[in-house]
Number of protein chains: 2
Amino acid sequence: MAKRVSHKDSGCGVARPLDAIGDRWSLLIVRDAFDGLRRFGEFQKDLGLAKNILAARLRNLVAHGIMDTIPTSDGSPYQEYVLTEKGRGLFPLLVALRQWGEDFFFEPNEAHVLLVDRKNGLPLRKLELRAQDGRILGAEDTIVRSPPDSTGNAWR
Amino acid sequence: MAKRVSHKDSGCGVARPLDAIGDRWSLLIVRDAFDGLRRFGEFQKDLGLAKNILAARLRNLVAHGIMDTIPTSDGSPYQEYVLTEKGRGLFPLLVALRQWGEDFFFEPNEAHVLLVDRKNGLPLRKLELRAQDGRILGAEDTIVRSPPDSTGNAWR
DNA sequence: GCGTGTGGTTTTAATTTGAAACCGGACCCC
DNA sequence: GGGGTCCGGTTTCAAATTAAAACCACACGC
């Protein structure tokens, strides 16, 4: 039942996460959760996806420890879905996705929702990659490095 | 043929990008491209996916302007796949994904590849969200805001 | 001409997705 | 207690997608 990655790179820090959230819906569900949605029906209404696949996705997210089910606060007989610590850790990724979308998927003058600072309504600063010492880095300034390798086999 | 988003949220800055890269392989291909891979066979060998779906994914990435095909430099009769500007814009997202993976998908002592500063071999700083004025923000300090809305309908 | 490496496409089967119907408990109303 | 409704799913079944494998085409070396 547990869907497993099948390719050689299954140990990589990019591939494993994709196994958990690398489908068309999971990140949208997580985003909705950040927006405060908690109930099955809320997700379903907002995203407009079939109930069976919403159920499957939520199950998967819970199984991966990204969301958790809790009893409702308001006494209704159902449960609510909330982000775990791990799920909340996805926020930078969501911001990166959104910023990339804003930069490349909209015409310069095309209106779109914006993620803004709650305190003053200004858009966030663009995410920037920094070295330990604070230098701003680009992709070409980085390299993936294998670990010391105590196990004998090296992932890329 | 062009796969289109079907749900209500299709205008959102999160949903549109997912339409382009929200599948199990595209981001891995892009990551490989950042690692310097360019040839069909290189991707296929590294990722171990079927050739037809690699071809489909590359076609899709090219169609979305994320990669581009260029003639080979070394005179071989084939083409190479390289990232466009738009594709290179995915680097922060890839870093976010990787950092999340490193934080939550590996045991503390489990060895894994690391993305490091090419200059000194130190790991990158954790990505951080900042307001315009430089304050570090968390998810709870932000809010999505609809645009002024000249069109009459508001996206979430 | 023949074998080989590369970069695909085609064919076919397996898996996933999606729409819609169905189900069951809680609550409401009488 | 007997309907009716809302919510949160599961089941069923068709359609789309993915995957494996076979096939094909071109360039090259010999």
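Below, chain A is the first sequence line, B the second, and so on; all start at residue 1.
- For B:W25 and D:dT18, the shortest distance from a side-chain N or O to OP1 or OP2 is not below 4.0 Å.
- C:dT16 atom P lies 18 Å from atom CG of A:L54, rounded to whole Å.
- One can place CG of B:L49 at 13 Å from P of C:dT9, the figure rounded to the nearest angstrom.
- Using modelled atom types, one finds a donor on one side chain and an acceptor on the other under 3.5 Å when comparing A:S76 with A:R39.
- Atom pair A:K45:NZ and D:dC6:P shows a separation of 13 Å (rounding to whole Å applied).
- Taking 4.0 Å as the cut-off between side-chain N and carboxylate O, B:K119 and A:E140 do not count as a salt-bridged pair.
- OP1 or OP2 of C:dT17 sits under 4.0 Å from a side-chain N or O of A:R57.
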Write down the protein N/O and nucleotide N/O pairs, taken from nucleotides 8-16 of chain D, whose separation is under 3.5 Å; answer none if there are no such pairs.
from   : atom 1 : to    : atom 2 : distance (Å)
D:dG8  : OP1    : A:R39 : NE     : 2.5
D:dG8  : OP1    : A:R39 : NH2    : 2.8
D:dG8  : OP2    : A:G41 : N      : 3.1
D:dG9  : OP1    : A:Q79 : NE2    : 3.3
D:dG9  : OP2    : A:Y81 : OH     : 2.9
D:dG9  : N7     : A:K51 : NZ     : 2.8
D:dG9  : O6     : A:K51 : NZ     : 2.6
D:dT10 : OP1    : A:R59 : NH1    : 3.4
D:dT10 : OP2    : A:R59 : NH1    : 3.0

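- Aromatic ring centres of B:Y78 and B:F40 lie farther apart than the 6.0 Å criterion allows.
- A straight line from CD1 of B:I53 to C1' of C:dG7 spans 16 Å, rounded to a whole angstrom.
- Judged by distance alone, with hydrogens and angles left aside, the side-chain atoms of A:R24 form a donor-acceptor pair with the main-chain N or O of B:G22 at under 3.5 Å.
- With sequence neighbours left out, the side chain to side chain donor-acceptor pair (under 3.5 Å) criterion links A:E80 to A:R38.
- With respect to A:K86 and B:D103, no salt bridge is recorded, no charged nitrogen being found less than 4.0 Å from a carboxylate O.
- Regarding A:D19, its CG atom lies at a distance of 16 Å from the P atom of D:dT18, rounded to whole Å.
- The CD atom of B:E80 sits 14 Å away from the P atom of C:dT6 (whole-angstrom rounding).
- If you take CZ of A:R38 and C1' of D:dC7, they are 17 Å apart, rounded to a whole angstrom.
- In this structure, B:L37 places its CG atom 14 Å from P of C:dT6, rounding to the nearest Å.
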